[in-house]
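Notes follow once the structure below has been shown.
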Number of protein chains: 2
Amino acid sequence: MPATLRDVAAHANVSVRTVSNVVAGHPHVSDAMRRLVLGAIAELDYRPNPVARTLRTGRTGVLALVVPEIDVPYFAELAREIIDAASGLGYRVMIDQTGHDHDRERALLTGADRTMLFDGILFSPLVTRSELLEMHPTTAMPLVLLGEHEFDGRYDHVAIDNHQAAADATQHLVQTGRSKIAAIGAQPTQAFATPRQRGAGYLAALDEAGIGPRPEYLESAARYHRADGYAAAERLLDLADPPEAILCFSDLLAMGAMRAAADRGLRIPEDLAVAGIDDIEEGRYSRPSLTTVSLDTPFIAREAVSRIAARIDDPTAPAAEIVAPHAVLVRESTTASTPL
Amino acid sequence: MPATLRDVAAHANVSVRTVSNVVAGHPHVSDAMRRLVLGAIAELDYRPNPVARTLRTGRTGVLALVVPEIDVPYFAELAREIIDAASGLGYRVMIDQTGHDHDRERALLTGADRTMLFDGILFSPLVTRSELLEMHPTTAMPLVLLGEHEFDGRYDHVAIDNHQAAADATQHLVQTGRSKIAAIGAQPTQAFATPRQRGAGYLAALDEAGIGPRPEYLESAARYHRADGYAAAERLLDLADPPEAILCFSDLLAMGAMRAAADRGLRIPEDLAVAGIDDIEEGRYSRPSLTTVSLDTPFIAREAVSRIAARIDDPTAPAAEIVAPHAVLVRESTTASTPL
DNA sequence: TTGTACGCGTTATCAC
DNA sequence: GTGATAACGCGTACAA
């Protein structure tokens, strides 16, 4: 049976109030008293019960991180940074996976409000619709949105400029001299922000380069997994007039696409250039290494955590958006000097 | 202000006891009463406060998953399976990263006892010493060990047969006709179980094949990251008499090693065969695809979660060990028929 | 079958 | 500066 505050108080012959003050580091405690209490605490090996504390204060010290799948490298790397950043501010992190299930996203957003299991939610959906957010009253649990780029002034938001990221990558492909540039990662519906924005950025960059869009070059991918990239690349390479370059809307798609090209004996980048978006570590060691757009995950994690902490401390503060920087990283998959 | 049990009772003109019975699904409630209470619950949008429930019952419904780094693909894939399995049993999962810090491991193990933040710990250390476990009294918080293979009868244990896994992989390399077989992933100290056991398995398989061990072929790796594999492979390939094959003690090490070989213009597997252990998805799409030892992560996750749940329900049950199956998966990195 | 009352361990509100 | 005591919301022994 663990020692309680009361036990310590009895042992030190003081009131629970005084012990609580000492534990909380409250200033109004005499030095002698503090030493006395500290001694009793050590002797009884007392540790505060965080559950009781939570019941009283309403704070759990826990953040929820909601991602589609934790084993998608981008989310794993993000989670790592977020857990570290949260730990620095005294928060622990609970991870929830939505799969790609709308109902789970909805349940988490609506249900989490009153449950008091965590103080705030870091919500990084691969697929999301703004209507989903209607489920979440602004006054409810603190929420920080991650990775989308549709700021409506109601929620805190650490955004990625998806449009510009895709445009920059496309522009790079244009600059390498290719004009038959395909894309993988579109989705049949316009409801999901990431594919829509990246798709728009891709088309905008083509347009600016004076390259007309070719519908058959815009391949869809239900999820952003390697297998989806592989399948989509096969469809592209089966075309009568296959592309010279492919922009994949995620690095994982790109890994699949590169493998598909290799399985057909194509050389990358000589026969086909491939670029991704995310900058996961895998792409730095792959053969060829992957040209991609870095999203500055540590920055996103740091901002997200400090922002949710601020909102927890002051729920009335106006919502703010911050856009994470990004940068095209040119590697072998678009510009190898020597064939691999 | 969320509605409480008392509010519901007042609204329905019944006692809190009755409402509690309905919420808990207790059988001894009349049908009319149940409908009445359910109506009040719906009307007030009442949801039980899990913190108060925890304070009362001592159960949090939360499991802690302790891994070195969540962004190491093996752990990310394991976490995914564990979160899913836990969700099926009504548990949520909190993730803690130890880095490779002994103090953090120790703090988690010793400190977690009384904190009541979770009901049990799933502990999957990359580095661990049995002495570390001395920190954790058997009577304390339910604990299930993951991935090591030193059963002492005190802890529940979902083990991997590290020795045999490494031996099987080594044997496969021998069967492909190579005799100059190096290994990456040893560690200067014998304190960490995984490198020691995999190292022993590697040596045992060599011995069985009548191949004498060469100290310069046993390369160490501080962590099991791509960069460590890259650096270790460079050292091996710098040897006057470089190996024809390398067994890497993790797939991530293998990815680094393959990249190092490629950077020297070596062909895999013609000039150098590479094998790993873990079977992360990355190795199924890499060029060449990676021969590895599959560890059946879903099995490990399922067993670990059901075991910790059982122990939470009955802390006095005798500790048990279960060994997860493994299998060598032969891919291109050791046996490609056509050069890539 | 249902109602009453207490305790889980902490923090906060009063007094002194 | 310190002490008593009332909440926080729920589960359950005990009583009815």
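Each chain gets a letter, A, B and so on, in the order its sequence line appears, and its residues count up from 1. No experiment lies behind these values; they were computed from the predicted model shown.
In the set C:dT10, D:dG9, D:dG3, the nucleotide with an atom closest to the side chain of A:Thr4 is C:dT10. The nucleotide whose nearest atom lies closest to any side-chain atom of A:Leu5 is, among C:dT1, C:dT10, D:dG3, C:dT10.
Using a 3.5 Å distance cut-off with no hydrogens or angles, the side chains of B:Arg17 and B:Asn21 do pair a donor with an acceptor.
Within 4.0 Å of A:Thr57, counting heavy atoms only, lie sugar-phosphate atoms of the nucleic acid but no base atom. At the heavy-atom level, B:Leu55 lies under 4.0 Å from base atoms of the strands shown. Backbone-only engagement by B:Val29 is indicated by non-hydrogen atom pairs under 4.0 Å involving sugar-phosphate atoms exclusively. B:Val14 comes within contact range of the sugar-phosphate backbone alone, with a heavy-atom separation under 4.0 Å but no base atom that close.
Contact check, B:Thr18 against C:dG3: a side-chain N or O comes under 4.0 Å of OP1 or OP2.
Inter-residue side-chain proximity for B:Val144 and B:Arg311 is flagged as unmet; no heavy-atom pair is nearer than 4.5 Å.
Here the C1' atom of nucleotide D:dG1 and the CZ atom of A:Arg34 are 12 Å apart, to the nearest Å. Taking atom CZ of residue B:Arg17 and atom C1' of nucleotide D:dG11, one finds them 8 Å apart after rounding to whole Å.
Between the base of C:dT11 and the side chain of A:Arg56 there is a donor-acceptor pair shorter than 3.5 Å.
Contact record, A:Pro68 with A:Gln97: O-CB, 3.6 Å, taken as the closest heavy-atom pair.
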